[in-house]
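Below: one structure, written as structure tokens.
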Amino acid sequence: MVAPPDNDVIWARSLHHSYNGSPGLRGVSLGVGDGEILAVTGPRGSGKSTLLHCLSGQLTAQEGEVWFNSVPVHTMGPRLREQLRRDRFGWIGAEADLVPELTAWENAALPLLLRGVSNRAARKTATEWLERLDIGPLAKKRPHALLQSQRQRISVARALAAAPTVIFADEPTATLHRAERAQLLRTLTTAARSHGITMVLATHDLEVAALADRALGLLDGRRVNDVSLPAASDTEGRSACSLSV
Ligand SMILES: Nc1ncnc2c1ncn2[C@@H]1O[C@H](COP(=O)(O)OP(=O)(O)OP(=O)(O)O)[C@@H](O)[C@H]1O
């Protein structure tokens, strides 16, 4: 087993994974640098979600290696992987996946509470992120009382509040309208940049991928040539990293 380059936070070699014989990933290798935002693009079924699940330790690839900060993840047992996900990773999916019984702030604070942060400190941090995401006044509402776009903001607040080293975002704005999508993505990528968070962003949308520093393409579970991104506009793109969210 050869250790990965020191400057890659996430590094994967030759990942293969199939579902009952049907291939999900076929030999994907990649590295993500410290603080880098990498977009993973490709059509539906190309393997983006499978790749993010493998990189984030939710799924162990049948073959291949995943390393986080030069520590092998693919050889970790379930408890260590759980701890790694809780303490160092954030996850944002297409659906907000909130706990229905908890309020907005409790949902956003959940990763901190699970880490043993005091209720008071976790509430303060979660509330600050809800405010930055323009949903501060909804902090005491439960998910059923909120719009899909507001629930998704809570899920973004939950990921950012935990100050993770890496955020994995799997089609985070796929269910939102165009204007909401642009605003939420801008806030997310700006916050990641200003807090030095590394991000792996799966999307089938090249306009979304344009917010990343770099993009790699998948097709039928294989890596294809690195994708050339459309020029990002000054307000939404890679240059828009000066907001202090
Ligand atoms: N749990 C599963 N059981 C069986 N097959 C699966 C499962 N998850 C993914 N697959 C298959 O693996 C392949 C890759 O799927 P994956 O969801 O990783 O792609 P994707 O690019 O994220 O697609 P989408 O954008 O639709 O989510 C597809 O052929 C898919 O049908």
Side-chain angles (χ1 to χ4, degrees), residues 1-20 22-40 46-99 102 107-117 122 125-126 155-172 188 192 195-202 216 218 221 223:
M1 202 157 58
V2 178
D6 284 345
N7 50 346
D8 279 341
V9 172
I10 293 283
W11 191 77
R13 177 168 33 207
S14 205
L15 295 176
H16 289 259
H17 194 80
S18 60
Y19 300 95
N20 297 323
S22 154
L25 287 180
R26 302 198 267 193
V28 174
S29 302
L30 61 87
V32 193
D34 189 12
E36 186 178 32
I37 300 181
L38 174 74
V40 177
S46 55
K48 304 181 296 293
S49 296
T50 306
L51 178 61
L52 262 65
H53 282 104
C54 289
L55 297 178
S56 62
Q58 294 181 55
L59 180 69
T60 304
Q62 285 143 354
E63 283 177 49
E65 300 173 13
V66 174
W67 296 69
F68 166 68
N69 276 346
S70 303
V71 174
V73 177
H74 53 286
T75 53
M76 280 180 187
R79 278 186 56 188
L80 267 182
R81 271 190 286 128
E82 205 174 286
Q83 195 178 330
L84 176 69
R85 294 208 311 269
R86 189 191 61 209
D87 294 345
R88 309 300 295 274
F89 294 167
W91 179 269
I92 305 167
E95 300 290 337
D97 201 16
L98 304 175
V99 181
L102 300 182
N107 268 287
L110 200 52
L112 292 171
L113 295 168
L114 290 172
R115 274 185 212 165
V117 173
T125 305
S155 120
V156 170
R158 178 178 58 190
L160 289 166
T165 307
V166 186
I167 287 181
F168 298 93
D170 189 2
E171 300 276 11
L188 174 60
H195 291 258
I197 298 170
T198 303
M199 189 153 88
V200 186
L201 169 66
L216 68 81
L218 290 180
R223 189 167 166 178

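- Across all non-hydrogen atoms, the minimal contact from G221 to V28 is O-CG2, 3.4 Å.
- Atom-to-atom distance recorded for W67:CH2 and I10:CD1 is 12.5 Å, nearest 0.5 angstrom.
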Between side-chain atoms of residues 157-167 and protein atoms elsewhere (two or more places apart, or another chain), which donor-acceptor pairs fall under 3.5 Å?
unit_1: R158; atom_1: NH1; unit_2: D97; atom_2: O; d: 3.1
unit_1: R158; atom_1: NH2; unit_2: A96; atom_2: O; d: 2.8
unit_1: T165; atom_1: OG1; unit_2: R88; atom_2: NE; d: 3.0
unit_1: T165; atom_1: OG1; unit_2: R88; atom_2: NH2; d: 3.2

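- Within the 4.5 Å cutoff, the side chain of L55 has heavy atoms near those of the L30 side chain.
- Note that CD of Q62 is 10.5 Å distant from NE2 of H16, once rounded to the nearest 0.5 Å.
- Annotation for E36 and G31: closest pair OE1-O, 4.3 Å, computed over non-hydrogen atoms.
- Note: L38 CG to L216 CG = 5.0 Å, rounded to the nearest 0.5 Å.
- In terms of the ring-ring contact (aromatic ring centres under 6.0 Å, His included) criterion, residue partners of F168 (sequence neighbours excluded) are, by chain and number, F89.
- Every residue was checked against the side chain to side chain donor-acceptor pair (under 3.5 Å) condition with S14, not counting sequence neighbours, and none meets it.
- A search for side chain to side chain donor-acceptor pair (under 3.5 Å) contacts involving D170 returns S49, not counting sequence neighbours.
- Relative ring orientation between W91 and H53 is described as tilted, the plane-to-plane angle lying within the 30° to 60° band.
- In this structure, the side chains of M76 and V71 come closer than 4.5 Å at one or more pairs of heavy atoms.
- A distance of 11.0 Å separates CG of L52 from CG of L59, quoted to the nearest 0.5 Å.
- In terms of heavy-atom proximity, T198 sits nearest to G35 at OG1-N, 2.8 Å.
- Not counting sequence neighbours, the partners of S56 by the side chain to side chain donor-acceptor pair (under 3.5 Å) test are Q58.
- The nearest pair of heavy atoms linking C54 to L15 is CB-CD1, 4.2 Å.
- Residues passing the side chain to side chain contact (heavy atoms under 4.5 Å, CB included) test with V99 are E101, L102, N107, L110, sequence neighbours excluded.
- With sequence neighbours excluded, no residue satisfies salt bridge (charged side-chain N to carboxylate O under 4.0 Å, His left out) with R86.
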Going through the distances and angles, do L51 and V200 end up as a side chain to side chain contact (heavy atoms under 4.5 Å, CB included)? CA-CA 10 Å; L51 178 61; V200 186; 6.0 Å; no

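- Applying the side chain to side chain donor-acceptor pair (under 3.5 Å) rule to S155 yields no partners; only residues at least two apart in sequence or on another chain are considered.
- Here CG of L84 is found 9.0 Å from CG of N69. Values are rounded to the nearest 0.5 Å.
- Annotation: salt bridge (charged side-chain N to carboxylate O under 4.0 Å, His left out) contacts of E171 (sequence neighbours excluded): none.
- Every residue meeting the salt bridge (charged side-chain N to carboxylate O under 4.0 Å, His left out) condition with D87, not counting sequence neighbours, appears here in chain and number order: R115.
- With hydrogens and angles ignored, the 3.5 Å screen pairs a side-chain donor or acceptor of R85 with a backbone N or O of G57.
- Heavy-atom minimum distance, L25 versus G47: CD2-O, 3.6 Å.
- Annotation for P172 and I92: closest pair CB-CG2, 3.8 Å, computed over non-hydrogen atoms.
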